[in-house]
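Structure, as structure tokens:
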Amino acid sequence: METSSTGTTNRTEEAAAPTDGADAAADMSGAAAASGPADGGGAAGQRRTAAEWAGLALLAVVVLLFGAFVHVFGPLLAISCSSCQDGVRSPLRFGEALFAVSAVAVPLTTLGTVVALFAARRAARAGGIGLCALLLLLLAEQLLGQFTG
């Protein structure tokens with residue numbers, strides 16, 4: 001039995017810690033069961049109503065439509081130029097980055113947002129974060145299209 005500088009012994013700390021992995025796993029499974037179902041609303045055992053599912057479906061459609069808009073029209077708006085001879089800025093300094101944002105980041109963000117809408121407990125928050133991320137990607141596309149080289 002060792003005594004620390006505060007006068008307490010280390011034996012009580014050893015006794016408080018679980019001695020084998022089964023006890024720790026039982027504690028973890030009990031904590032997970034107490035937190036409630038992953039697909040439900042607030043309380044344990046409570047499921048989403050039909051109106052909540054309809055709201056989630058509507059939010060998913062809005063996310064998909066906005067993602068399609070950012071994917072299709074974002075690069076076109078980024079390279080358009082009213083004072084240029086053919087109406088398009090060229091050559092673009094960050095053309096590859098603009099393409100990568102449009103072809104990779106926007107679809108992945110849209111897909112991740114739709115999956116999070118139906119998987120997360122706080123679906124409206126996930127949808128709002130996803131819409132804000134798509135808006136930031138649209139702004140990034142606009143910024144990347146402004147630089148010519």
Could you list the residues that satisfy side chain to side chain donor-acceptor pair (under 3.5 Å) with Gln142, not counting sequence neighbours?
-> none
Sorted by chain and residue number, the side chain to side chain contact (heavy atoms under 4.5 Å, CB included) partners of Arg125 (sequence neighbours excluded) come out as Arg122, Ile129
Excluding sequence neighbours, so at least two apart, what forms side chain to side chain contact (heavy atoms under 4.5 Å, CB included) with Thr49?
-> Ala51, Glu52
In terms of ring plane angle, is the pair Phe69 and Phe73 parallel, tilted or perpendicular, where the classes change at 30° and 60°?
-> tilted
Shared hydrophobic cluster, Leu58 / Trp53 (ILVMFWY, side-chain heavy atoms < 4.5 Å) | no
Leu134-Val115 co-clustered via ILVMFWY side chain contacts under 4.5 Å = no
Is Leu131 close to Leu59 at the side-chain level, that is, under 4.5 Å between some pair of heavy atoms?
-> yes
Nearest 0.5 Å please: distance from the CD atom of Gln146 over to the CG atom of Leu92.
-> 9.5 Å
Ignoring hydrogens and angles, write down the donor-acceptor pairs under 3.5 Å from the side chains of residues 98-113, residues two or more places apart or on other chains.
| residue | atom | partner | partner atom | Å |
| --- | --- | --- | --- | --- |
| Ser102 | OG | His71 | O | 3.1 |
| Thr109 | OG1 | Ala105 | O | 2.7 |
| Thr110 | OG1 | Val106 | O | 2.9 |
| Thr113 | OG1 | Thr109 | O | 2.8 |

Taken in chain and number order and not counting sequence neighbours, the residues that satisfy side chain to side chain contact (heavy atoms under 4.5 Å, CB included) with Ala123 are Arg48, Leu56, Leu117
Is Leu65 isolated, or which residues cluster with it under the ILVMFWY side-chain rule of less than 4.5 Å, directly or via members?
-> Val61
Spell out, yes or no, whether Leu144 and Leu135 are grouped together once hydrophobic residues are joined by side-chain heavy atoms under 4.5 Å, including indirect joins.
-> yes
Any disulfide bond (SG atoms under 2.5 Å apart) pairs touching residues 113-149, not counting sequence neighbours?
-> none
With sequence neighbours left out, the residues meeting ring pair (Phe, Tyr, Trp, His ring centres under 6.0 Å) with Phe94 are Phe147
Applying disulfide bond (SG atoms under 2.5 Å apart), which residue pairs with at least one partner in residues 60-90 are found, sequence neighbours left out?
-> Cys81-Cys84
